[in-house]
Amino acid sequence: MTYSSRLTFNSRERALPRGHAAIFARRVQTRRVARLCHAAVCSLALGLAAFALAHVGEARDGTSGRLILAEAPSNAAADTQTRKKAYVWSASRAGSMLRLRGFVPSQEDRRTVLGMVKAHFADLEVEDRLKVAEGGPPREQWLGAVSFGLKQLSHLKQGSARLLNEGLKVDGEARSANDYAEVKKALTGPVPTGLTILNDHVRPPLADPYVFIASLGPDTLILTGSVPSEERRKDLKELSRRLFERPMLDDQLQLASGAPKRWNDAVEAALRALSRLDSGKISISGLALSIEGLAPDKGTAVAVSYQLKRDLPAQFSSSETIKWKEADVSGNAGAMIVPRINEIIRTDNGQATGSLPLNPKSPRSSN
């Protein structure tokens, strides 16, 4: 049996059964409706998109409900071009190399800068990648800022000086404790006209190993070695004055970076132990602490050793060589008494008597 897609048929084709013809007609009509709906939806979407593009920046007033048209934002790239570009100059030092980067106002100013570099860093190889560009601060002001930055960099073992328009950043490790003090003084004191210090990340020189020594004598406590900061130096001096009854504190500490973790706790524990001795010395090198000295008695010597083991941070090790007076006197009694006896025998009111004067309060003197 042959079916036709048309509702009518010619004489050579058999007529569709009534039920089949109805089903076929509904299917054809459904497909046509679907195509018409799809076309309508697409047309509506395109119309809405065109309307939105035509009204960019349109907003609705919340009070009156009317539409407000706003201007479209300007091109971001154009805004970036109109902004003032930062005028950057930098000099960085690492090993035997000095690198120059950024902008310089003219070739003449480049030669001036290279002359400054040669004056401060005669022994370094210079890599010059400066570019001539306008738009920086006034020439004399800029050259003064560059000179000041190079001066600070000359005190650093490694680091950089960086100018951003009128602002200066200095970073790095000082060559010595004296160099560190010079940089700190310069960056916190008067600076060239128009210059602003943006940051100061200069560190004291690195000490390896990190050593701290305190020596206790009859009248003086001497502090030598390294200390992390001026604030910590002040704290240690105040602690020493509380712990030690000595007329003089001799501070010979030098600023240095590289202190191990819990260094402050280790130093305080060591100073407290030393304060219980009549004389002695503590030395901290890295994570190893040693103490030696003379205690007033055996109990104090034992207590000092116990105190160090209790208060010293776990990562530190300690060794103790502590004597006490009883052992020292008993072991050298003959050497201390005999010379005194001989002196008394030789002299009695300026004349040799050949006899040892007796104590008038002794039992023998009353006989």
Side-chain angles (χ1 to χ4, degrees), residues 86-105 109-110 112-131 136-137 141-212 225-235 252-261 263-264 286:
Y87 203 83
V88 179
W89 173 92
S90 70
S92 58
R93 177 178 186 174
S96 60
M97 177 69 70
L98 182 74
R99 294 180 172 86
L100 301 177
R101 300 288 188 273
F103 303 127
V104 63
D109 294 325
R110 180 202 295 272
T112 301
V113 171
L114 291 178
M116 297 177 186
V117 169
K118 185 176 181 180
H120 289 297
F121 308 96
D123 57 337
L124 297 185
E125 180 182 353
V126 179
E127 183 181 274
D128 174 16
R129 294 191 181 179
L130 296 172
K131 298 178 181 180
Q141 175 183 325
W142 185 83
L143 287 174
V146 169
S147 177
F148 182 81
L150 288 172
K151 175 65 175 176
Q152 309 320 309
L153 187 60
S154 69
H155 291 293
L156 305 185
K157 181 179 180 180
Q158 57 184 6
S160 65
R162 180 179 173 88
L163 276 173
L164 293 91
N165 297 326
E166 296 87 8
L168 176 66
K169 295 181 178 181
V170 183
D171 304 85
E173 176 189 338
R175 301 174 62 182
S176 67
N178 290 335
D179 286 299
Y180 178 77
E182 288 293 328
V183 173
K184 286 293 184 180
K185 181 180 178 181
L187 294 179
T188 56
V191 297
T193 302
L195 182 63
T196 302
I197 305 301
L198 298 180
N199 73 4
D200 169 12
H201 293 161
V202 178
R203 304 180 301 277
L206 179 67
D208 186 18
Y210 207 83
V211 176
F212 174 87
S226 300
V227 65
S229 64
E230 288 294 345
E231 291 78 10
R232 191 55 192 159
R233 181 204 299 272
K234 180 180 178 181
D235 293 341
Q252 300 178 15
L253 295 170
Q254 297 286 332
L255 289 173
S257 58
K261 291 183 179 179
W263 181 88
N264 293 342

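This chain uses plain numbering: 1 for the first residue, then up along the sequence. Note that the structure is a prediction, hence the values are computed from the model and not measured.
Note that CG of Leu156 and CD of Glu173 are 9.0 Å apart. Values are rounded to the nearest 0.5 Å. Between atom CZ of residue Arg203 and atom CG of residue Asp171 there is a gap of 8.0 Å, rounded to the nearest 0.5 Å.
Taking 4.5 Å as the limit, some side-chain heavy atom of Leu195 sits within range of a side-chain heavy atom of Leu163. Contact check for Phe121 versus Val126: no side-chain heavy atoms found under the 4.5 Å cut-off. Side-chain atoms of Leu187 and Gln152, non-hydrogen and from C-beta on, do get closer than 4.5 Å to each other. The closest side-chain heavy-atom distance from Leu164 to Lys169 is below 4.5 Å. With a 4.5 Å cut-off on side-chain heavy atoms, Asp109 and Val146 do not count as touching. At a threshold of 4.5 Å between non-hydrogen side-chain atoms, the residues Val117 and Asp128 do not count as touching. Taking 4.5 Å as the limit, every side-chain heavy atom of Thr112 sits out of range of all side-chain heavy atoms of Val104. Proximity of Arg175 to Lys157: side-chain heavy atoms (C-beta onward) are separated by under 4.5 Å at one or more points.
Looking at Ser154, its side chain does come within 3.5 Å of a backbone N or O of Lys151 through a donor-acceptor pair.
Here the shortest heavy-atom pairing between Ser176 and Pro205 reads C-CG, 3.5 Å. Looking at every heavy atom in both residues, Pro260 comes nearest to Tyr210 through CD-CB, 4.0 Å.
Ring geometry, Tyr87 versus Phe103: the interplanar angle falls from 30° to 60°, so the pair is classed tilted.
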Could you go step by step and tell me if Asp235 and Asn264 meet the side-chain contact (heavy atoms from CB on, under 4.5 Å) rule? CA-CA 10 Å; Asp235 293 341; Asn264 293 342; over 6 Å; no
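Remark: Glu230 engages Arg233 in a salt bridge, criterion side-chain N to carboxylate O under 4.0 Å.
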